[in-house]
Amino acid sequence: MKMLKDVSVGGGLRDLFTLLRRSPREQALPLFLAFLCSGFTFFLFIIDPKINTDTPKKQEITYVENWSLDRTDEDILADRWYVQCLKDKRDEKRREAMKSLGRMSGMDVDEIERQAKADRLARGDIEVERPAGVTC
């Protein structure tokens, strides 16, 4: 403990008050901010043990669907196409909302859509045809 023999709280406070007496206006704001930051940190240490002390609730597992073991391939494909139809409807709603926003912004959304279609064709993207009997 030889390092701490020259340390004293009284000496530090005397130095602080001497510094404040020499130039109080220039030192007031940094002093205030230093005390504010230190006080805020101290406050966080006080309230920290009281945060997140609630016991966690037991999680409940919810299964979305249960399929029977005797499903045929046609049933599986019908379910997949049904889900794809839901996604297509969602995407169409979003597309229409974006077109509306584009029109309000003054964009030529029809030209943008034609350009996007040409880009898809140039890349070779194809749209899969729906099987007969599948309606959305």
Side-chain angles (χ1 to χ4, degrees):
M1 288 298 173
K2 290 182 180 182
M3 272 180 11
L4 299 178
K5 69 178 181 170
D6 296 329
V7 176
S8 71
V9 176
L13 288 175
R14 274 193 306 275
D15 290 344
L16 175 67
F17 289 126
T18 304
L19 184 66
L20 287 176
R21 264 187 255 123
R22 287 186 189 158
S23 55
R25 287 189 180 151
E26 292 136 6
Q27 300 296 327
L29 183 62
L31 177 71
F32 173 73
L33 291 175
F35 279 119
L36 182 70
C37 291
S38 301
F40 182 69
T41 304
F42 185 68
F43 174 72
L44 289 179
F45 278 117
I46 290 172
I47 66 167
D48 186 52
K50 298 177 178 92
I51 295 176
N52 294 332
T53 57
D54 190 21
T55 56
K57 296 178 183 174
K58 185 175 179 179
Q59 293 184 354
E60 182 179 322
I61 298 174
T62 305
Y63 294 97
V64 178
E65 284 189 49
N66 289 330
W67 292 298
S68 63
L69 296 176
D70 59 345
R71 286 177 65 197
T72 63
D73 289 342
E74 291 79 24
D75 294 337
I76 295 170
L77 286 175
D79 286 342
R80 286 184 183 172
W81 279 111
Y82 174 72
V83 170
Q84 186 60 43
C85 284
L86 293 176
K87 288 180 183 179
D88 290 345
K89 287 178 184 177
R90 178 199 61 202
D91 292 344
E92 186 61 33
K93 277 178 138 178
R94 185 175 189 278
R95 195 174 298 112
E96 289 302 319
M98 290 296 125
K99 282 183 184 180
S100 172
L101 180 64
R103 285 187 187 100
M104 285 189 268
S105 300
M107 296 178 176
D108 185 10
V109 293
D110 297 325
E111 176 60 31
I112 293 171
E113 191 172 5
R114 279 193 295 277
Q115 184 64 37
K117 187 175 183 180
D119 290 345
R120 281 194 301 273
L121 289 174
R123 281 194 311 261
D125 292 348
I126 58 170
E127 186 171 321
V128 178
E129 293 293 325
R130 298 192 190 285
V134 173
T135 58
C136 290

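Here, residue 1 is the first one in the sequence, and each next residue gets the next number.
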Checklist line | Salt bridge Asp108-Arg103, side-chain N to carboxylate O under 4.0 Å | finding: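 No.
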Donor-acceptor contacts, no H, no angles, side chain residues 34-49, under 3.5 Å, sequence neighbours left out:
residue, atom, partner, partner atom, Å
Ser38, OG, Ala34, O, 2.9
Thr41, OG1, Cys37, O, 2.9

Next item on the list: Please round to the nearest 0.5 Å and tell me the distance separating atom CZ of Arg80 and atom SG of Cys85.
Entry: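 Nearest 0.5 Å value for the CZ-SG distance: 14.5 Å.
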Margin query: For the CG atom of Asp110 and the CD atom of Gln115, what is their distance to the nearest 0.5 Å?
Written below: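 Going from the CG atom of Asp110 to the CD atom of Gln115 covers 13.5 Å.
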Checklist line | Lys/Arg N to Asp/Glu carboxylate O, Lys89 vs Glu92, below 4.0 Å | finding: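 Not counted as a salt bridge, because no side-chain N and carboxylate O are separated by less than 4.0 Å.
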Check: Does Glu129 CD have over 12 foreign heavy atoms under 6.0 Å away?
Finding: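 Result for CD/Glu129: open.
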Notebook entry, point to check: For Arg90, which residues count as a side chain to side chain donor-acceptor pair (under 3.5 Å) partner, sequence neighbours excluded?
Noted result: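 Per chain and number, Arg90 pairs via side chain to side chain donor-acceptor pair (under 3.5 Å) with no residue.
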Next item on the list: With the side chain counted from C-beta on, respond yes when Asp125 and Leu121 share a heavy-atom pair under 4.5 Å apart, and no when they do not.
Entry: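 Not in contact.
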Next item on the list: Look up atom CZ in Arg71 and atom CG in Leu77, then write down how far apart they are to the nearest 0.5 Å.
Entry: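 Nearest 0.5 Å value for the CZ-CG distance: 9.5 Å.
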Next item on the list: Please check if any side-chain donor atom of Asp15 sits under 3.5 Å from a side-chain acceptor atom of Thr18, or the reverse.
Entry: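 There is no such pair (donor and acceptor under 3.5 Å, judged by atom type) between the side chains of Asp15 and Thr18.
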Margin query: Around atom CZ of Arg123, are there more than 12 heavy atoms from other residues, nucleotides or ligands closer than 6.0 Å?
Written below: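 Yes, CZ of Arg123 has more than 12 neighbouring heavy atoms, counting only those of other groups under 6.0 Å.
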Checklist line | Check ion pair Glu96-Lys99 (N to O, under 4.0 angstrom) | finding: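 Salt bridge flag = yes for Lys99 with Glu96.
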